[in-house]
Amino acid sequence: MTTPSSTPPAGDDRNLVAVDEKYVAITFEDRLHQFWKKNSSIVVGLCVAVLLVILAKGAWEYMARQKELEIEKAYAAAATPEQIKSFAAAHADHSLAGIAYLRIADDAYTAGKSADALAGYEKAIVVLKDSPLAARAQMGKALAKIQSGKASDGAADLKQLAADANQFKAVRSEAAYHLASLAAQAGDSAEVQKLSDQLMQIEPSSPWTQRALMLRASLPVSKAVGSEPETKSPGASGVQIKIPGK
């Protein structure tokens with residue numbers, strides 16, 4: 001018995017299918033190679049641009065740090081009043097210039113040069129407007145006004161600081177104490193008592209509060225209009241001291 005041959009006879013191409021090249025499976029490596037061939041210059045250009053940006057940013061930050069160190073060294077080296085003034089003029093927009101103006105103004109205030117002190121404090125306020133030291137400059141400006149004879153203007157500035165709930169307690173306490181001191185100088189016991197009460201509410205343990213209470217104790221107790229005179233026991237002093245809370 002003859003076994004049929006599995007080999008198709010020559011010339012039999014019934015099972016052959018023509019395959020177009022575009023249908024041949026393309027591997028990932030092939031696709032990557034084709035992409036790189038078409039876009040290599042663009043990719044390289046982007047990488048170079050990013051690298052240049054990184055290098056430029058690093059160089060700018062380095063230069064900024066070096067400049068900051070130079071300014072700090074210049075401030076530390078400023079010892080005399082003239083050197084401090086020169087530093088402030090050379091770096092007018094830097095925060096350290098604001099501190100320099102504060103030093104200049106403080107020296108002028110101590111020397112009784114009210115106009116120079118006011119000018120220094122005003123410059124410091126402009127530079128330190130976003131700094132906690134701005135309140136310090138505002139306080140100095142108020143006191144310099146009082147020193148120059150503008151007591152009402154200075155007192156108004158102090159009242160604003162003392163009443164500002166968003167301000168530091170230490171600043172509010174000092175402002176209230178200076179107001180109490182002005183009232184004591186004017187012999188206004190009622191105002192001193194009012195301000196010492198305000199200080200007790202702001203910060204009872206503050207040194208400014210203690211000093212205000214001492215001022216209060218050194219003055220005669222104020223009396224309400226129409227109140228009965230107080231009866232004094234024999235040998236009692238003419239000054240009545242009211243203890244807070246009693």
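The side-chain contact (heavy atoms from CB on, under 4.5 Å) test applied to Ala137 returns Leu102, Ala124, Ile125, not counting sequence neighbours. Taking the side-chain contact (heavy atoms from CB on, under 4.5 Å) definition, one finds that Glu82 meets it with Thr80, Lys85, sequence neighbours left out. With sequence neighbours left out, the side chain to side chain donor-acceptor pair (under 3.5 Å) criterion links Gln167 to no other residue. Applying the side-chain contact (heavy atoms from CB on, under 4.5 Å) criterion to Ala119, with sequence neighbours excluded, gives no partner residue. Annotation: side-chain contact (heavy atoms from CB on, under 4.5 Å) contacts of Ser41 (sequence neighbours excluded): none. Listed by chain and number, the residues in a ring-ring contact (aromatic ring centres under 6.0 Å, His included) with Phe87 are Tyr75, His91 (sequence neighbours excluded).
Remark: the backbone N or O of Pro204 is paired with a side-chain donor or acceptor of Gln210 at under 3.5 angstrom.
Applying the ring pair (Phe, Tyr, Trp, His ring centres under 6.0 Å) rule to pairs touching residues 169-205 yields Tyr177-Trp208, His178-Trp208, sequence neighbours excluded. For the salt bridge (Lys or Arg N to Asp or Glu O under 4.0 Å) condition, the pairs that include at least one residue of residues 88-108, sequence neighbours left out, are Asp106-Arg136. Within the structure, every pair that satisfies the salt bridge (Lys or Arg N to Asp or Glu O under 4.0 Å) test and touches residues 148-175, not counting sequence neighbours, is listed here: Lys145-Asp157.
For Leu213 against Ser196, the heavy-atom pair with the smallest separation is CD2-CB, 4.0 Å.
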Worked check of side-chain contact (heavy atoms from CB on, under 4.5 Å) between Leu199 and Ser206: CA-CA 8 Å; Leu199 275 162; Ser206 169; 5.6 Å; no
For the pair Ile202 and Thr209, evaluate side-chain contact (heavy atoms from CB on, under 4.5 Å) and give the outcome as yes or no after the intermediate values. CA-CA 9 Å; Ile202 296 173; Thr209 302; over 6 Å; no
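Apart from Ile104 itself, the hydrophobic cluster it occupies contains Ile84, Tyr101, Val127, where clustering links Ile, Leu, Val, Met, Phe, Trp and Tyr at side-chain heavy-atom distances under 4.5 Å. Other residues sharing the hydrophobic cluster of Ile42, ordered by chain and number and joined by side-chain separations under 4.5 Å: Leu46. Val50 forms part of a hydrophobic cluster together with Ile54, judged by ILVMFWY side-chain heavy-atom separations under 4.5 Å.
With a 6.0 Å radius and a threshold of 12 heavy atoms from other residues, nucleotides or ligands, Gln83 has its CD atom above the threshold.
Residues Leu96 and Val126 fall into different hydrophobic clusters, defined by Ile, Leu, Val, Met, Phe, Trp and Tyr side chains chained together at heavy-atom separations under 4.5 Å.
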